[in-house]
2 protein chains.
Amino acid sequence: MTPRVGILAPIAWRVPPRHYGPWERVVSLLTEGLVERGVDVTLFATADSVTAARLESVAPRSLNEDPSLDPKVWECLHIANAYERAAAFGVDLIHNHYDFLPLSYSGLTRIPLVTTIHGFSSEQILPVYQRYDRKVTYVSISDADRHPSLTYAATIYHGIDLGEFTPRTTAGEDLVFFGRIHPDKGVAEAIEVARRTERRLVIAGIIHDEEYFARQIAPHIDDDRVRYVGSAGPQERDEILGNALALVHLVNFAEPFGLSMIEAMACGTPVIGRRRGAVPEVVEDGRTGFVVDDIAAAVDAVGVVERLDRAAIRARCAERFSRDRMVEDYLRVYEGVLARGASGVR
Amino acid sequence: MTPRVGILAPIAWRVPPRHYGPWERVVSLLTEGLVERGVDVTLFATADSVTAARLESVAPRSLNEDPSLDPKVWECLHIANAYERAAAFGVDLIHNHYDFLPLSYSGLTRIPLVTTIHGFSSEQILPVYQRYDRKVTYVSISDADRHPSLTYAATIYHGIDLGEFTPRTTAGEDLVFFGRIHPDKGVAEAIEVARRTERRLVIAGIIHDEEYFARQIAPHIDDDRVRYVGSAGPQERDEILGNALALVHLVNFAEPFGLSMIEAMACGTPVIGRRRGAVPEVVEDGRTGFVVDDIAAAVDAVGVVERLDRAAIRARCAERFSRDRMVEDYLRVYEGVLARGASGVR
């Protein structure tokens, strides 16, 4: 039996996000993928969200797009509404993508809760996850992002819609950085790799750290060797990633996943990524890119990255990171949860 | 039948508060008063709280006393724990003193919720109160603090333990300001009244606005005409309020209630208060103090305030603002809620 599923989205951005919003992007892909398979899905998201599922909303717009909305007020109204309406719609389980606050409502309902932990914003939020460990079914988005004190049902890597990305079998000449402009993401390191390899670099993404941008990035932007193109929509993203020699992804933090890596691979573009967080899980060293320890190794990788088979990179991405694979993995988790519920084993 | 009551306290401070913490003070008085009447009370508060009721805690200490506690994390754990445990203890109703967040859990339980609205921190929190209007039984702490869009079961003025205040039939000579040092509270205005009437002024309270204190208060402190004694514990409070000619309470905002006014009256000390918020409800003009419109009127009031009968002020305070009266008023609300529940009318 196909379960009836309530998807609880964040309201930081609408679903799908207009520009930035990785959690909302994954929610959208999963929701539409479930609907295409005939699953009865209720999506709890902002009222201006776009979906083929049943849309249920209390927040008219996203918190980031309407500063008049008090986050604490609209968060709790949004979450409470999902729990209250889930019962009305006969939802079999709620799949939470909204971090820790919804966990605290889960003890008051019989509807099972699946929670994808999209990363821990800080160690301080662990007590909530620990309190509801085993009562809530946790899914990690990479093995690297698992916390040793928690119990997980599965690691499910994010998937993307490969139809949004054009496979290009010929390597481009330029390097690309794609992501938030923030020290965590290693933008300055990408510039340094481009400088040492005498490659051009295209930088795309929203500015999350103004001071970092002003001090360490902006001085290098000359619209020739280093170009900054701002936030890129789907079409521009396909062109920027697809036309690159490689994505340079020298993160300085334990990134939980890293959507831009699989988006590059979907175009056939290899990734040169730093061995932090989920990078060694996402990038298969010597096959879909190179996993490096420092800038020198990244420079060496640029020298040999053209040898990688771009068609094979795309194919490998389709195997490991397609939306359909993600949808199937989640359906398996849902079925496990409902089977346990039916047998009374929790 | 005496109801079994769960009291949901804030965790900004422990219960009772060590110094400042008006919501926690009211919670403590109500809780102990209910226990004395034989009511089965579970108090949900910080683990270091002191009570004769059954104490249930998840937060080890108060948020203001332990900055390592992430407020959002511990708030939701505290509230969820109360709802989860309330069922286990067979609680008949939960009485919420924790602002709006607990309302959003109320739709997921059959246990009725009574909520004392201790004031609206901003208009932005109204959507939550509006959403749960009539589902939750609201109590206002003054008629002035009622919002026209909400339905209330009662206005219940705060009460105090009159045993903590010594009645003094002879008026002192000094004026007193008692409360948070913040522009809202009219500390500078109290200094101005003291200057114009050539009276000494004692200022007691925690500093909530450092810049206001530094610019407008500190320059006047000379340890003779104007004394600042910091935050006052129960014994010091009794002495400071009791030995004053009058409490000067020239608030600049619609104060929802104003505990310091009734604390002064409990000593027999009259209040000179500005006609804002609950002041005209709490102060009976010409009987327990004077309700004034401006500083000039406050200055005039100081000239005649000694004529008021201090024994009568204390007696009137005992009638209107005793802890027992508050406890009885709440018991009546509880009984009404449970009677409606029993008859199926909600």
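Note that these values count all heavy atoms, side chains included, but never hydrogens, waters or copies made by symmetry. Below, read A as the first sequence line, B as the second, and so on, with proteins coming before strands; counting in each chain starts at 1.
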Which one wins on heavy-atom pair count under 4.5 Å against chain B: Ile79(A), Leu69(A), Asn81(A)?
Asn81(A)

So if I take each residue of residues 54-68 of chain A and look for any heavy atom under 4.5 Å from a heavy atom in chain B, which residues do I end up with?
Val58(A), Ser68(A)

For a quick check under 3.5 Å, do Tyr105(B) and Ser104(A) share a side-chain donor-acceptor pair by atom type?
yes

Give, for atom NZ of Lys135(B) and atom CD of Glu84(A), the distance between the pair rounded to the nearest 0.5 Å.
5.5 Å

Do any of residues 94-103 of chain B have a heavy atom less than 4.5 Å from a heavy atom of chain A, and if so, which, in residue order?
Phe100(B), Leu101(B)

pair Tyr129(A)-Val73(B): side-chain heavy atoms closer than 4.5 Å
no

